[in-house]
Amino acid sequence: MKIKRAIVAGAAFLTTFLGAAQGAAFADTHNSSDTYGTTGRCAYSHVCLYYNSGQSGAKFSRYFNASSAQVTLAIPDLAGYYFDSSGAGAGQTVKNNAASGEIYGRNCSMWVYYNSNYGGNIDYFGDTSYGQLWYTYNENASLKAGCP
């Protein structure tokens, strides 16, 4: 009976220990699609990041192929990109400066990552939607978009 208890206790310890270690290695994803539809500021088959909350301020916009069933836009480091429209934040680097985002494409998705090279926590936007960045608010470093 003591051996059985020791085995059960050992298994519980390993499960707890490995589970905690595993949890630290995986990132969380937040569905940032607060509103379905479009603001009118982001063109079809584009993803947009905005300098301010509420899809306001300067805009960063990039095309992705909304007709392809795969990821067609991948930017591993947003450091070399700038908000290129008028408004608050115009001319600022996109990396670590976006507050909200938008995707315009049916059955398509955008993933905004906390770290460069698609690491860390993720804000997810799906199927023609827009909203506030949650995990990556002013801490956005890379992004992917497409219609997988």
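The structure presented is a predicted model; accordingly, all values stated were derived computationally and were not measured. The basis for the numbers below is simple: all heavy atoms, side chains too, and nothing from hydrogens, waters or symmetry mates.
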Tell me, please, which residues at least two apart from K95 pass salt bridge (Lys or Arg N to Asp or Glu O under 4.0 Å).
D77

In this structure, SG of C48 is separated from CE of M110 (nearest 0.5 Å) by 8.0 Å

The reported gap from CD1 in I103 to SG in C42 (rounded to nearest 0.5 angstrom) is 8.0 Å

Between S109 and G126, is there a donor-acceptor pair closer than 3.5 Å when you use the side chain of the first and the backbone of the second?
no

For T136, give me all partners under side-chain hydrogen bond (donor to acceptor under 3.5 Å, both in side chains), at least two apart in sequence or on another chain.
D123

Exercise: identify the closest heavy-atom pair between A99 and N138
N-OD1, 4.2 Å

Check whether S100 reaches the backbone of N52 with its side chain - one donor and one acceptor, N or O, closer than 3.5 Å.
yes

So, R41 side chain and Q55 main chain: donor-acceptor pair closer than 3.5 Å or not?
yes

Taking atom OH as the centre, does Y135 end up with more than 12 heavy-atom neighbours from other residues, nucleotides or ligands that are less than 6.0 angstrom away?
yes

Could you measure the distance from the OH atom of Y104 to the OH atom of Y44? Nearest 0.5 Å is fine.
7.5 Å

Quick check: closest heavy atoms across G131 and F125, and the distance to 0.1 Å?
N-CE2, 3.5 Å

Tell me which one of L49, V47, L78, N121 satisfies side chain to side chain contact (heavy atoms under 4.5 Å, CB included) with V112.
L49

For a quick test of your reading: what N or O donor-acceptor pairs under 3.5 Å do the side chains of residues 139-148 make, sequence neighbours left out?
residue, atom, partner, partner atom, Å
N140, OD1, N97, N, 3.4
N140, OD1, A98, N, 3.1
N140, ND2, V94, O, 2.9
S142, OG, N115, O, 2.7
S142, OG, Y118, N, 3.1

Test side-chain hydrogen bond (donor to acceptor under 3.5 Å, both in side chains) applied to T39 - qualifying residues, sequence neighbours left out:
E102

Cluster link I75 to Y82, ILVMFWY, side chain under 4.5 Å
no

Any pair counted as disulfide bond (SG atoms under 2.5 Å apart), so long as it reaches residues 51-85, sequence neighbours left out:
none

Would you be so kind as to tabulate the donor-acceptor pairs closer than 3.5 Å made by side chains of residues 85-93, with sequence neighbours excluded?
residue, atom, partner, partner atom, Å
S85, OG, K59, N, 2.7
T93, OG1, A79, O, 3.1
T93, OG1, Y81, O, 3.3

Can you name the nearest heavy-atom pair linking T128 to R106, along with the distance?
OG1-N, 3.8 Å

Give, for atom OG1 of T72 and atom CZ of F64, the distance between the pair rounded to the nearest 0.5 Å.
6.5 Å

Nearest heavy-atom contact between F83 and F60 is CD2-N, 3.6 Å

Using the rule that two of Ile, Leu, Val, Met, Phe, Trp, Tyr join whenever any of their side-chain heavy atoms come within less than 4.5 Å, decide whether Y51 and Y137 are in one cluster.
yes

With rounding to the nearest 0.5 Å, note down the distance linking OG in S61 to CG in D84.
7.5 Å

Which distance, rounded to the nearest 0.5 Å, do you find between the OG of S56 and the OH of Y50?
9.5 Å

